[in-house]
Amino acid sequence: MRFAFPCLLVSLLVGCATAPAAGFAPEPERASGPWSEVPVVEMPTGEKSIPISLLRDVADALLRRPGAKTCNPATQRPIPGLSTEYCSTVYVAGTRESLSWRVTEPVKAGHNRCAPFFEVQDADYPSTQVWVVGFIHNHPCGAAPSSQDLDLWPTDAVNPTVALAEVRLIPGNPAPARFRSTFIEMASAVVAERQDGTRIFLRYFPTGEIEQWSEARRGWILLGRCAPAPSGGLSVAPRCDGGALRLLRE
C-alpha cells in the first residue's frame, strides 16, 4: 500500500525516543486537555479500541492546523519552515462507570519525534482519573505504513521504557484504562487524505490484523494480516498474508 496524500497517524501506547531537534523550545512537563476543537467521546462507543468518531474529529481538527498538509508536490517532501508536524496526547478520563476518550491541545513536534506526555492536566478530572493511552501526529507528506511502523506496534517485543505496552500502565495511575469490566484494546490507526479530500481510515492491532473503515457497511472490515519485514533485507515493506493488501473501493 502506498499513500501519496497527507497522513494522520494515531498510535496507542507507542512512543519515539529520539532527541529533540535544535531550535525547538523545551516541551512542557504536562499536556492540557481536552482540546476544545475535538469533542470528547463517551463510553460505551460500541468499540473496545479507539472509536471512529474520535478519528474523524481529530483528523478534521489536526489537518486544519497551519502547515499540517504543506508538502512539496515535486519531491513529496516537507518544506522547511512551512510544513509542520503536530503532536497530541490521547487519553481517557473519568471513572470505570463514566469514561470518555479525549485528546490534548496539540504542540509542534521536533524532528522525527512525537511521544505522549506522561501527565495530562484535564479540565474536568484530577490526575488520578486520567489514563494516557497514546499519541496523535500528522505527516505533512503522506507515507505508507512501513516495517518500522510495524516494529513500533504495541507488542511484547517493544521496550517498555519507551512504549509502556507490556504493562499497559502509565506511572502515577493505579490501573490500566478500563471501562466497567472491559480493558481498552491497544491499536494504531492511519487516516489518509486523498487529493480530492476523501479519507481512508485504517486500524492496526498488535496481532497483525489490519482493518479499514467501511462507510457503506458502517463498520471495520478486515483486510488481512501483516508483519514487519526481516531486518537487513532489501525491502522495508511489511509482509502480508496473500501479498499486498487491497483497499476497499467505495
Side-chain angles (χ1 to χ4, degrees), residues 1-16 41 44-59 62-63 76 90 101 114 133-139 141-159 162-166 168 182-250:
M1 295 179 294
R2 186 171 298 278
F3 303 129
F5 24 69
C7 249
L8 172 71
L9 179 64
V10 182
S11 300
L12 301 187
L13 285 183
V14 179
C16 301
V41 179
T45 65
E47 287 285 347
K48 296 180 181 179
S49 191
I50 189 166
I52 185 65
S53 57
L54 189 72
L55 289 177
R56 286 198 181 103
D57 292 338
V58 167
L62 204 62
L63 294 179
Q76 289 298 305
V90 185
W101 288 87
C114 182
V133 294
F135 70 89
I136 299 169
H137 71 108
N138 63 293
H139 288 285
C141 297
S146 67
S147 281
Q148 183 178 7
D149 296 320
L150 289 168
D151 282 333
L152 292 176
W153 286 4
T155 66
D156 290 343
V158 174
N159 184 342
V162 175
L164 302 175
E166 289 188 21
R168 303 176 76 174
T182 302
F183 287 96
I184 290 178
E185 194 170 307
M186 295 298 99
S188 301
V190 168
V191 182
E193 183 176 289
R194 294 187 175 103
Q195 291 182 351
D196 63 3
T198 59
R199 291 173 179 165
I200 296 171
F201 296 87
L202 299 175
R203 192 166 67 174
Y204 308 77
F205 288 89
T207 47
E209 291 89 350
I210 298 182
E211 298 175 340
Q212 181 178 345
W213 176 261
S214 169
E215 289 291 345
R217 288 178 261 186
R218 306 297 299 171
W220 292 99
I221 306 301
L222 179 67
L223 299 181
R225 291 173 174 81
C226 297
S231 59
L234 297 178
S235 174
V236 297
R239 289 188 172 182
C240 302
D241 294 346
L245 299 183
R246 294 185 177 181
L247 298 176
L248 301 176
R249 297 185 178 274
E250 297 184 335

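Start at 1 with the first residue, then count along the sequence. None of these values were measured; they are calculated from a predicted model.
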Check your understanding: Can you name the side-chain contact (heavy atoms from CB on, under 4.5 Å) partners of I221, sequence neighbours left out?
Key -> S214, R217, L248
Point to revise | Contact summary for Q212 and L202, nearest pair of heavy atoms | key: CB-CD2, 3.6 Å
Point to revise | Atom pair CD1/SG of I210 and C240 - distance to nearest 0.5 Å | key: 5.0 Å
Practice item. Kindly compute the distance separating CD1 (I52) from CZ (F201), expressed to the nearest 0.5 Å. Key: 5.0 Å
Study note, to complete from the structure: Residues L222 and E211: closest non-hydrogen pair is CA-CG, 4.2 Å
Check your understanding: Mind checking what makes salt bridge (Lys or Arg N to Asp or Glu O under 4.0 Å) contact with E215, not counting sequence neighbours?
Key -> R56, R218
**Study point:** I200 CD1 to E250 CD distance, which is reported to the nearest 0.5 Å
**Key:** 10.0 Å
Practice item. Verify whether one side chain among T207 and E209 offers a donor that lies under 3.5 Å from an acceptor in the other. Key: yes
Review point. Relative to W220, does R203 satisfy both conditions: NZ or CZ under 6.0 angstrom from the six-membered ring centre, and within 45 degrees of the ring's axis?
Key: yes
